[in-house]
Amino acid sequence: MISFSREEMEDIGYAVYRALLIAFREPEQSEPQLVANFVYALSREINGISLSGTKTVSAGGVFVHSRPLVACSSFPKTFPRSVEIGDLLLTRTLVVGGKVKERRALLLQAKKVSNIPAKPDNENQWHLYEQWPRFTYAARSGGLTGKTRHIKEPDMYDAAKYLLIGQGSAVYRRYPCCIWPFHWHCCRPETCRYHTAQPTAPELGRYRCFANELVEFIAGNAGKAFVKPRRRTLGWDRVIQDLIAETAKAKTIYTGRAMGNAAPAPRGNGVLFFSLATPTSFSLFGDDFSGGTTNSDGPPKVPSEWGDGNDGRGISIIEIVVERGEG
C-alpha cells in the first residue's frame, strides 16, 4: 500500500473531476463514444499529476471494438445469444522499490440512463454479472473464440459493476456520495450524475458515485486483485489475462490512421493506444504502453455503426501504474 497525503488525494480527485467533465460533456453521444472519450481524458489528466518524493502515478489507455463476446446456456432470454463481457476495464499496478506488489481490476458495463435507480435493458448481460455462470467466448472474440471460463471467486460484486452515465440534471439529487472531506474536488453536481452499481437482483444495488470510486481505485481501495493465472485455471485471473492479451493484439486501420498510416486492415476492430506518461517495464501492455504508440489530439471518433444497441461494441482498457521508489 502507498499512502497519499491529503493534498495528493485532492490532486487525484480533481484530475478525475476534470476527466469526467471532458469525457461526458456531450451526453447525447453514443455509449461507445463516451467510453472512448473517457479512456483518453482520464489517461491525460492522471498523467498531469505530480506526487511527492519518489511516488509517481501514470496512466495509459486503449480503445478496441468488436471483442470479446460471451455466451452461456443459462441466459434467461434467447436473444441476444451473446453479450459483451464489458465496456471498460480499469487496471491498477502497484510497484514499490522496483517490484510489483499488487494488481487490481474493475470491469464495467456502461449504460446511459435517465434516472437512478436504473434497470438494465439486457437481461442476459445482467445475468452474467449477477451469477457469473460458466460461459464460452462467442464468435468475433478473436483468439478467445470457443474457450470456456468459469469465475467462482468471492467478491465479484466489487470486481464487475454497471457504470451508469446519467443524462438528466435530476439524476444526482437522490444519492449524495461524498465519503471523505477531500473528495469535494471530484464529487460536485456536474459529476455526481455518474454512478456505479452492483449487479444485484432483482434490482441493482449499492449505488456509488463513479468519481468517488475512481479515486478509491487509484488509491488501491476498490476493484478486485488479480495475479498471473495458474495453469488450467478458468476464473477471474484467467479472464483478466484474456482481456488484456487479446486487446494488446488488436491492431487495425484505425490505429494506422491515428499514426498517419492508412494501410488497410480488417474492418470492424478499431484500436487506439495512449501511452503511459512515464515509460515503465511494469505495464501490462509492454512496449505499447511504455512510450510506444500515442495520440495527443483527442479520443478516436467512433463510427456510427458502433452506436448504442449494436452488440459487440468492444472493450476499452485504462491502465494505471502507481510507483514508489526505495526509501
Side-chain angles (χ1 to χ4, degrees), residues 1-5 8-9 11-12 15-16 39 42-62 64 85-86 88-108 149 151 153-156 158-161 213-250 273-294 315-327:
M1 177 70 71
I2 291 180
S3 297
F4 295 104
S5 68
E8 290 170 337
M9 289 295 287
D11 288 343
I12 292 170
V16 167
V39 172
L42 185 64
S43 298
R44 188 185 67 173
E45 295 300 329
I46 287 178
N47 288 335
I49 298 173
S50 295
L51 302 179
S52 62
T54 61
K55 290 181 288 188
T56 63
V57 59
S58 191
V62 57
V64 177
I85 198 168
L88 178 63
L89 176 65
L90 301 171
T91 70
R92 176 189 185 266
T93 298
L94 173 64
V95 181
V96 179
K99 296 181 180 180
V100 174
K101 295 297 184 180
E102 183 187 60
R103 297 192 193 270
R104 305 186 71 82
L106 177 61
L107 183 62
L108 297 168
R149 300 290 184 257
I151 298 175
E153 290 88 339
D155 304 325
M156 282 305 296
D158 291 328
K161 297 185 175 186
E213 184 139 14
L214 280 171
V215 173
E216 292 291 281
F217 183 78
I218 295 169
N221 297 319
K224 181 177 175 62
F226 70 95
V227 297
K228 183 178 180 180
R230 292 177 296 172
R231 291 187 62 190
R232 304 181 184 280
T233 56
L234 305 176
W236 170 249
D237 296 335
R238 178 69 60 187
V239 170
I240 296 303
Q241 178 169 289
D242 289 343
L243 299 179
I244 292 168
E246 277 302 301
T247 300
K249 293 177 185 176
F273 285 94
F274 311 105
S275 294
L276 290 163
T278 305
T280 173
S281 59
F282 303 107
S283 170
L284 293 164
F285 289 84
D287 291 340
D288 284 320
F289 267 20
S290 302
T293 308
T294 61
I315 189 166
S316 299
I317 297 180
I318 299 174
E319 178 181 18
I320 298 166
V321 178
V322 179
E323 294 188 59
R324 189 190 69 199
E326 300 285 356

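Quick note: residue numbers are just sequence positions, from 1. Remember, predicted model here, so these are calculated numbers, not experimental data.
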Side chain to side chain contact (heavy atoms under 4.5 Å, CB included) for Val215 and Met9? Distances and angles first, verdict last.
CA-CA 8 Å; Val215 173; Met9 289 295 287; 3.6 Å; yes

Would Val322 and Phe4 count as a side chain to side chain contact (heavy atoms under 4.5 Å, CB included) here? Give the steps.
CA-CA 11 Å; Val322 179; Phe4 295 104; 3.9 Å; yes

For Val39 and Ser316 the tightest heavy-atom approach is CG2-CB, 3.4 Å

Any Arg231 side-chain heavy atom under 4.5 Å of Thr233 side chain
no

Does some side-chain heavy atom of Ile46 sit less than 4.5 Å from a side-chain heavy atom of Val57?
yes

Show me the donor-acceptor pairs within less than 3.5 Å that the side chains of residues 88-104 make with the rest of the protein, sequence neighbours left out.
residue : atom : partner : partner atom : Å
Arg92   : NE   : Phe217  : O            : 3.4
Arg92   : NE   : Ile218  : O            : 2.7
Arg92   : NH2  : Ile218  : O            : 3.3
Thr93   : OG1  : Arg103  : NH1          : 2.6
Glu102  : OE2  : Arg104  : NH1          : 2.9
Arg103  : NH1  : Phe282  : O            : 3.3
Arg104  : NE   : Ala222  : O            : 2.9
Arg104  : NH2  : Gly223  : O            : 2.9

Run the side chain to side chain contact (heavy atoms under 4.5 Å, CB included) check on Leu42 and Arg44 step by step: do they pass?
CA-CA 5 Å; Leu42 185 64; Arg44 188 185 67 173; over 6 Å; no

Run the side chain to side chain contact (heavy atoms under 4.5 Å, CB included) check on Val239 and Ile85 step by step: do they pass?
CA-CA 10 Å; Val239 170; Ile85 198 168; 3.7 Å; yes

Measure across Pro229 and Gln241 and return the closest heavy-atom pair with its distance rounded to 0.1 Å.
CD-OE1, 3.2 Å

Can you tell me how far CD1 of Ile49 sits from OG1 of Thr56, rounded to the nearest 0.5 angstrom?
11.0 Å

Sort and list the pairs that fulfil salt bridge (charged side-chain N to carboxylate O under 4.0 Å, His left out) and have at least one residue in residues 236-245, not counting sequence neighbours.
Arg149-Asp242

Find the distance between CD1 (Ile151) and CG (Leu234) and round it off to the nearest 0.5 Å.
10.0 Å

Return the CD1 to OG distance between Ile318 and Ser43, rounded to the nearest 0.5 Å.
5.0 Å

Residue list, side-chain contact (heavy atoms from CB on, under 4.5 Å) with Ser52, at least two apart or on another chain:
Glu8, Lys55

So does Val227 get a backbone contact from the side chain of Trp236, meaning a donor-acceptor N/O pair under 3.5 Å?
no

Minimum heavy-atom distance Gly86-Leu107, with the two atoms named
CA-CD1, 4.2 Å

OG of Ser5 to CG of Asp11: how many Å apart, nearest 0.5 Å?
7.5 Å

Rounded to the nearest 0.5 Å, what separation is found between the CG atom of Asp158 and the CG atom of Leu106?
9.0 Å

Nearest 0.5 Å, what's the OG-CG distance between Ser58 and Leu51?
10.5 Å

Could you list all the salt bridge (charged side-chain N to carboxylate O under 4.0 Å, His left out) pairs where at least one residue sits in residues 218-229, not counting sequence neighbours?
none

